[in-house]
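First up is the structure itself, then whatever we jot down about it.
First listed ligand is number 1; within each ligand, the first listed atom is number 1. Here the structure is a predicted model, which is why all the values come from computation and not from measurement.
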Amino acid sequence: MEKFIINGGAPLHGEVEISGAKNAALPILAASILSQDVCVIENLPCSISDVNYMMKILAHIGAKVKLINKNTVEIDSRFVNSYVISHDMTKHLRASYYFIGALLGRYGRAKVAMPGGCYLGARPIDQHIKGFELLGASVSVEDNATVDAKASKLIGSPIYLDMVSVGATVNILLAAVKAEGLTVIENAAKEPHIVDLANFLNSMGADVRGAGTDVIKVRGVEQLHGCNYSIIPDQIEAGTYMVAAAATHGNVIIKNVIPKHLESISKKLIECGAEVEEFDDAVRVSLDRRPGKCNIKTMPHPGFPTDMQPQMAVLLALADGTSIVSESIWSNRFRYADQLNRMGADIKADGQLAVVQGVEQLKGAPVKADDLRAGAAMIIAGLAASGTTEIEDILHIDRGYEDVVEKLKGIGADIKRVFCPEPNSLTNAG
Ligand code: EPZ
């Protein structure tokens with residue numbers, strides 16, 4: 001077991017480089033098996049554990065996965081030889097279910113155990129299944145544990161999503177690119193990672209149009225080929241460093257970003273009194289006084305991202321005044337509030353609403369990362385707090401933040417990763 005120890009209070013200063021986007025990388029890795037060829041994927045955040053698990057699944061079903069350098073991987077999908085993925089492989093992450101769409105697209109058959117991932121409330125997959133069925137697959141869920149999908153032939157279809165779902169949009173795209181005829185996904189997700197996936201599929205010879213709008217049209221093609229592709233920068237990692245800069249009253253240039261993807265975050269930081277300066281592929285964030293309050297409502301893109309809600313709540317916890325945070329995507333994304341309150345914050349969360357009464361100072365405390373973004377919030381809180389914060393369960397943070405200790409140290413943070421023995425592995429000397 002490992003934990004982070006942070007001595008807080010120092011403003012962050014300097015420059016930090018953002019990695020490739022996790023939530024683009026995961027569907028793109030699954031999509032690579034649609035090509036039966038070689039894909040070279042660049043700007044891949046190879047050291048985060050979600051990406052690692054996806055590469056393990058690829059190898060498990062027969063793909064040859066070769067690390068070319070720290071952030072480039074070559075995937076040879078010619079040797080993929082199985083459509084079965086067991087729970088041992090899928091349990092670590094949500095995105096393992098992208099192999100249902102990808103294997104259906106490749107083989108017309110997928111037998112994939114239910115995914116793991118952050119607990120944020122109920123995470124049904126009814127829209128994924130509806131999409132597969134409309135494309136002509138028959139889908140059963142065995143013992144609530146394994147999705148078995150089969151189709152002698154996938155045929156394009158209009159598909160209307162009952163709610164905007166990133167995962168369902170991805171999975172339907174993966175199954176539809178090689179289906180016969182036209183698929184139209186209405187009420188599709190518009191996140192930057194959906195556009196990146198569509199661009200990757202098109203680089204392999206697919207015909208996907210409209211990604212980034214709520215109507216995506218896919219004209220099926222018979223075959224896809226290999227390609228070289230570079231993943232977009234991670235919007236949420238960038239946003240996390242932006243908030244960390246503001247919360248510590250720092251001044252940080254965040255490099256390798258697409259400022260347009262950060263607009264909803266920049267606007268809220270500006271509302272709180274931060275300065276946000278945009279460059280071609282960088283943003284500079286600074287704040288030299290106590291943040292002001294502001295209200296947040298999470299929405300699908302281009303709204304304020306739910307994956308930035310916990311981090312932003314840390315800034316609001318330190319704000320002058322009371323802010324309301326309304327979570328409209330997930331039913332249980334305020335578990336971090338108890339942890340922040342242990343550090344002196346005053347957050348009252350009820351259902352999908354939280355009232356954040358700003359305090360002047362947070363104080364270091366032992367806390368834990370309940371999930372990935374809750375963990376990011378704990379890091380920001382620890383950096384902004386006086387004294388020492390110890391964060392446990394950092395495996396959640398390792399799922400999505402590449403080189404987080406090194407990057408934070410590079411901008412002046414006092415943070416280290418330490419190994420601590422599991423409580424039950426300690427021998428009782430008495
Ligand atoms: C993706 O999850 C992201 N994960 C999440 O990021 C992110 O919070 C979420 O999109 C929203 O932006 C990945 O990209 C791997 P959804 P996903 O399907 O696809 C409901 C992070 O921290 N729904 O868009 O699972 C669902 O319950 C992670 O990086 C159904 O009801 O989210 C939710 O309320 C955490 N039926 C809403 O839709 C379905 O079939 C949006 O979920 C599918 C979804």
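Looking only at protein heavy atoms, the nearest one to atom 4 (N) of ligand 1 is Asn23 ND2, 3.9 Å. Nearest protein heavy-atom neighbour of atom 19 (O) of ligand 1: Gly167 N, 2.8 Å. Asp307 OD2, 3.6 Å is the protein heavy atom nearest to atom 5 (C) of ligand 1. The protein heavy-atom contact nearest to atom 18 (O) of ligand 1 is Ser165 OG, 2.6 Å. Among all protein heavy atoms, the one lying closest to atom 1 (C) of ligand 1 is Val166 CB, 4.0 Å. Looking from atom 37 (C) of ligand 1 to the surrounding protein, the closest heavy atom is Ile329 CG2, 4.0 Å. Of all protein heavy atoms, the one lying nearest to atom 35 (C) of ligand 1 is Leu120 CD1, 3.5 Å.
The pair Asp370-Lys368 meets the salt-bridge criterion, since a charged nitrogen lies less than 4.0 angstrom from a carboxylate oxygen. Under the 4.0 Å criterion applied to side-chain N and carboxylate O atoms, Glu133 and Lys130 are not assigned as salt-bridge partners. With respect to the salt-bridge test (charged N to carboxylate O, under 4.0 angstrom), the residues Arg417 and Asp398 qualify. No salt bridge links Lys22 with Asp234; every basic N to acidic carboxylate O contact stays at or beyond 4.0 Å.
The 12-atom threshold is exceeded at NZ of Lys407, counting heavy atoms of other residues, nucleotides or ligands nearer than 6.0 Å.
Contact annotation: the side chain of Val404 approaches that of Tyr241 to within less than 4.5 Å [non-hydrogen atoms, C-beta and beyond]. Considering only heavy atoms from C-beta on, Ile57 comes within 4.5 Å of Ser96 through its side chain.
Of the polar atoms of Arg123, at least one N or O is found under 3.5 Å from an N or O of ligand 1, judged by distance alone. Taking any N or O of Leu372, backbone or side chain, none lies under 3.5 Å from an N or O belonging to ligand 1. The distance criterion of under 3.5 Å between nitrogen or oxygen atoms is met by Trp330 with respect to ligand 1. Looking at ligand 1, you won't find any N or O of Ala168 less than 3.5 Å from one of its N or O atoms.
Looking at Asp126 against ligand 1, both its backbone and its side chain come within 4.0 Å, counting heavy atoms. Under 4.0 angstrom from ligand 1, there are no non-hydrogen atoms of His193.
To the nearest 0.5 Å, atoms CE (Met1) and CZ (Phe419) are separated by 8.5 Å. Taken to the nearest 0.5 Å, the OH atom of Tyr83 stands 7.5 Å off from the CG atom of Asp148.
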